[in-house]
Amino acid sequence: MYQQVKEYWKNLIEEQLHQIAQEKGVDASLVRAAGELAVNTTPSPDMGDLAFPLFPFAKVLRTSPQNIAQEIVKRLKEVEGVSPDSLLPSGPYLNVFIDIPQLARSLRESVCAEGDEYGHTDLFEGKRMMVEFSCPNTNKPLHLGHLRNDAIGESISHILKANKAEVEKVNLINNRGIHICKSMLAYQKFSEGETPESSGIKGDHLVGKYYVRYAAWEKEDPSALIQAQQMLRKWEEGDEEVMDLWNRMNRWTIEGIEETYRKTGVSFDSYYYESDTYTLGKDTILKGLEDGIFYRAEDSSIWIDLEDIKLDKKVLLRKDGTSLYLTQDIGTAIQRHEKWPFDSLIYVVASEQAYHFKVLFHVLAKLGYQWAGNLYHLSYGMVNLPEGKMKSREGTVVDADDLIASLTAMAKDEIIAKNREKEVGDIDDVSEKIARGALNYYLLQPSPTKDMIFNPAESISFNGNTGPYLQYMGARISSMLAKWEVMKDEYGDVPFEPSLLSVQDERELIKMIALWPSLVAQAAREYNPSIITSFLYDLSRTFSRYYHDHAVLKGESRELIVARVALVTMVLQVLKNAYALVGIPFLESM
RNA sequence: GCGCCAAUAGCUCAGCUGGAUAGAGCAACAGCCUUCUAAGCUGUGGGUCUCAGGUUCGAAUCCUGAUUGGCGUACCA
């Protein structure tokens with residue numbers, strides 16, 4: 001809608017530019033060649049809403065941008081339906097005040113009608129998009145790095161859906177390999193048969209405990225690694241005892257991880273297991289060898305030459321015939337496309353694996369899969385701590401469950417400190433939702449592609465630019481609207497008069513509401529949830545100032561109250577719709 | 001060595017396809033709760049946008065080079 005308003009003014013001004021050119025005997029194509037007319041926002045609202053810089057046309061029209069602005073204004077004033085008050089030449093810019101009341105009126109209709117879907121676009125209509133994320137190992141619990149991955153994957157999936165894509169969220173469980181055997185071996189040796197039930201330790205943490213135990217043992221006993229390799233061979237042979245232990249421990253880990261998913265609001269449409277896909281990868285490589293796409297080295301390992309993409313050579317299958325990470329991923333991709341033919345597949349994986357995906361996509365293309373061109377690596381940056389990198393050896397890895405638990409406890413303390421226990425209802429539920437919102441917001445604020453520093457103290461603070469701040473705005477509006485419900489019968493006869501919404505912040509809020517759909521589309525095009533989080537913060541901050549300065553339910557007139565309630569209702573709807581895209585639970589009360 | 005990425009306030013981050021005096025939060029300081037929840041609001045201080053060139057009417061933004069940092073370049077994942 002805002003888009004239409006922009007287009008409307010842009011077309012009007014372009015028309016005038018061409019007319020001026022014509023009168024000066026300048027060819028229209030020269031004006032076009034000078035560049036497209038840019039539509040900007042003004043530095044401050046009292047200078048108008050839209051700004052059209054006219055620098056590019058100065059040369060072809062052989063006059064200053066200032067003169068062009070004046071000239072266009074003069075002409076536009078003659079144009080039918082253009083209010084002279086809406087034009088403000090400002091030096092080399094031509095600024096425009098848009099018709100906010102009219103915008104508000106039509107917004108009110110669409111926000112009301114579309115509700116939770118207001119802002120959704122048809123950008124990806126008819127597209128089947130698969131999103132892979134999380135992909136945990138089954139030898140330890142989730143840590144902070146996974147949380148960023150999960151937050152991005154989950155959010156992107158929602159954003160794509162909001163643009164009408166059909167989305168399949170997939171998880172790939174890394175449940176095989178030497179690292180898995182290590183925790184199994186240590187468990188066999190040192191556990192005395194303890195289980196999550198007997199020990200009271202969450203399954204993933206219990207397995208993780210033995211992964212750590214292995215590392216200690218390996219230092220004392222040089223045969224540890226050999227034993228682990230032996231176990232891997234036994235696993236590949238399907239040894240009953242090993243398979244049994246493997247199944248049991250995998251189950252513990254996955255159940256534990258799924259509990260963490262529930263707490264962070266993460267879910268999947270389907271799970272893939274590397275133990276199921278690695279043989280398909282292997283077969284595909286062998287077929288590629290037959291077809292002459294790959295070659296066999298002297299030691300009988302299989303390679304691909306990456307000269308085409310200016311890279312080195314890469315191993316696809318070990319000399320003993322066992323498969324690698326790349327081998328598995330090839331199998332997984334093929335299997336996925338068979339099961340759920342996608343138009344695109346987005347891998348949410350850390351930037352350190354950029355090289356891997358470059359090679360993967362290339363190999364799949366070489367193998368002749370048409371869809372290889374529709375694979376995309378959404379490469380996100382590392383999560384570091386203020387002291388530097390997380391290092392498991394130094395025990396600085398931030399455990400996901402611990403972090404969530406302390407955030408939840410903090411939220412609960414805050415509710416109690418503010419004496420809000422009665423109002424919030426289920427205090428544990430609300431605390432958990434505040435923690436989840438705080439975490440997701442913190443993780444989604446920076447651009448996904450950039451490395452970020454996770455400051456635990458800061459993430460735990462609920463003041464300032466944080467998830468709880470955003471939730472608080474939603475709760476405050478909800479509380480206002482609850483009061484309105486009680487009094488609204490007396491206002492049934494009062495019409496909505498948007499021209500009463502004339503203070504600066506009201507105009508700003510209306511523009512933001514109007515802008516929302518274009519941001520939903522932008523976030524999808526760029527695979528970038530931080531577009532949504534920064535919008536949320538802007539909207540909340542503006543609203544916060546607004547309701548602080550202007551009474552909604554105690555407005556000076558009945559008409560003003562009705563107009564403001566309508567505005568506030570729209571703000572709440574947009575907030576809710578935005579929360580939903582970035583994993584911030586909506587709270588009616590907090 | 002080579003490749004990819006980043007560098008903006010003391011710290012953490014925004015800054016749209018180049019456009020008007022570069023913005024937030026935290027931290028510091030000063031105000032605001034008989035008034036719709038103070039998880040809030042307002043104000044003050046704080047910047048040679050790493051450096052050097054270039055393109056342009058105009059560069060934090062684009063190009064080149066340098067510096068610093070991160071990641072990768074494994075028959076690990």
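Order of the sequence lines sets the chain letters (A, B, ...), proteins ahead of strands, with each chain counted from 1.
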> Any side-chain N or O of Lys314(A) under 4.0 Å from OP1/OP2 of rA74(B)?
Replying inline: no
>> Side chain of Ile453(A) only, heavy atoms from C-beta on: which candidate in rC41(B), rA7(B), rU12(B) is closest?
In response: rU12(B)
>> Looking only at the side chain of Glu352(A) (C-beta and beyond, no hydrogens), which of the listed nucleotides rG72(B), rA20(B), rG40(B) gets closest?
In response: rG72(B)
> How close or far is atom P of rA27(B) from atom CG of Asn455(A), stated in whole angstroms?
Replying inline: 11 Å
> Contact class for Ser589(A) vs. all strands (heavy atom < 4.0 Å): base, sugar-phosphate, or nothing?
Replying inline: base
> Counting any heavy atom closer than 4.0 Å, what does Ile415(A) reach on the DNA or RNA strands: base, sugar-phosphate only, or nothing?
Replying inline: base
> Is rC33(B) in the syn range, within 90° of 0, or in the anti range?
Replying inline: syn
>> Taking only side-chain N and O atoms of Arg176(A), does any of them lie within less than 4.0 angstrom of OP1 or OP2 on rA77(B)?
In response: no
> Taking CZ from Phe543(A) and C1' from rG40(B), how many angstroms apart are they, rounded to a whole number?
Replying inline: 12 Å
>> Regarding Ala350(A), tell me which of base, sugar-phosphate or nothing describes its non-hydrogen contacts under 4.0 Å with the strands shown.
In response: nothing
>> Counting C-beta onward and ignoring hydrogens, is there a side-chain heavy-atom pair between Leu539(A) and Trp516(A) closer than 4.5 Å?
In response: no
>> Is there a side-chain contact between Ser447(A) and the phosphate of rA14(B), meaning an N or O under 4.0 Å from OP1 or OP2?
In response: yes
> Has the side chain of Asn463(A) got a donor or acceptor atom sitting under 3.5 Å from an opposite partner on the base of rA38(B)?
Replying inline: no
>> OP1 or OP2 of rC5(B) versus the side-chain N and O atoms of Ser351(A): is any pair under 4.0 Å?
In response: no
> For rA7(B), does OP1 or OP2 lie under 4.0 Å from any side-chain N or O of Lys450(A)?
Replying inline: yes
> Which pair of non-hydrogen atoms, one from Leu560(A) and one from Gly555(A), has the smallest distance, and what is that distance?
Replying inline: CD2-CA, 4.3 Å
>> Categorize Ala58(A) for me: base, sugar-phosphate, or nothing, with a 4.0 angstrom heavy-atom threshold over every strand shown.
In response: nothing
>> Pick the closest RNA chain B nucleotide for Asn465(A) and for Pro56(A) by heavy atoms, then say which residue is nearer the 5' end.
In response: Pro56(A)
> Is the distance between the ring centroids of Tyr537(A) and Tyr469(A) less than 6.0 Å?
Replying inline: yes
> Which comes earlier along RNA chain B counting from the 5' end, the contact point of Leu94(A) or that of Arg420(A), where each point is its nearest nucleotide?
Replying inline: Leu94(A)
> Counting side-chain heavy atoms from CB outward, which of rC41(B), rC36(B), rA77(B) is closest to Gln353(A)?
Replying inline: rA77(B)
> Atom CD of Gln445(A) to atom C1' of rA24(B): distance rounded to whole Å?
Replying inline: 9 Å
> Should Tyr469(A) be listed as having a side-chain N or O under 4.0 Å from OP1 or OP2 of rC41(B)?
Replying inline: yes
>> What is the distance, to the nearest angstrom, from the OH atom on Tyr547(A) to the P atom on rG40(B)?
In response: 9 Å
> Between rA20(B), rC57(B), rU35(B), which nucleotide gets closest to the side-chain atoms of Phe55(A)?
Replying inline: rC57(B)
> In terms of side-chain heavy atoms of Ala51(A), which of rA20(B), rU37(B), rA77(B) is nearest?
Replying inline: rA20(B)
> Reckon Arg476(A) has a side-chain N or O less than 4.0 Å from the OP1 or OP2 of rA38(B)?
Replying inline: yes
> Using atom P of each nucleotide, how far apart are rG70(B) and rU12(B) to the nearest Å?
Replying inline: 14 Å
> Is the shortest side-chain N to carboxylate O distance from Arg233(A) to Glu236(A) below 4.0 Å?
Replying inline: no
>> Applying a 4.0 Å non-hydrogen cut-off, can you work out what Pro43(A) is touching in the nucleic acid: base, sugar-phosphate, or nothing?
In response: base
> Quick one: which of rC76(B), rC57(B), rC13(B) gets closest to the side chain of Arg318(A)?
Replying inline: rC76(B)
>> By nearest atom, which of the nucleotides rA77(B), rC16(B), rC41(B) is closest to the Leu324(A) side chain?
In response: rA77(B)
>> With rounding to the closest Å, how many angstrom separate the P atoms on rG18(B) and rC62(B)?
In response: 8 Å
>> What I want to find out is whether Lys10(A) reaches Glu36(A) closely enough, with some N-O distance under 4.0 Å, to be called a salt bridge.
In response: yes
>> Taking rG47(B) as the reference, what is the distance to rG53(B) when you measure between their C1' atoms (whole Å, please)?
In response: 23 Å
> Any idea which of rC13(B), rA24(B), rC36(B) is nearest the Ser479(A) side chain?
Replying inline: rC36(B)
> Got a sec: does the CD of Gln227(A) have more than 12 other heavy atoms crowding it under 6.0 Å?
Replying inline: yes
>> If I pick the P atom on rC13(B) and the same atom on rA6(B), what distance separates them, to the nearest angstrom?
In response: 15 Å
> For the pair made of CG in Asp451(A) and P in rG72(B), what is the distance, rounded to whole Å?
Replying inline: 11 Å
> Looking at Phe454(A) versus Tyr442(A), is the centre-to-centre ring distance below 6.0 Å?
Replying inline: yes
>> For the C1' atoms, the ones on rG25(B) and on rG15(B), what distance do you get once it is rounded to whole angstrom?
In response: 15 Å
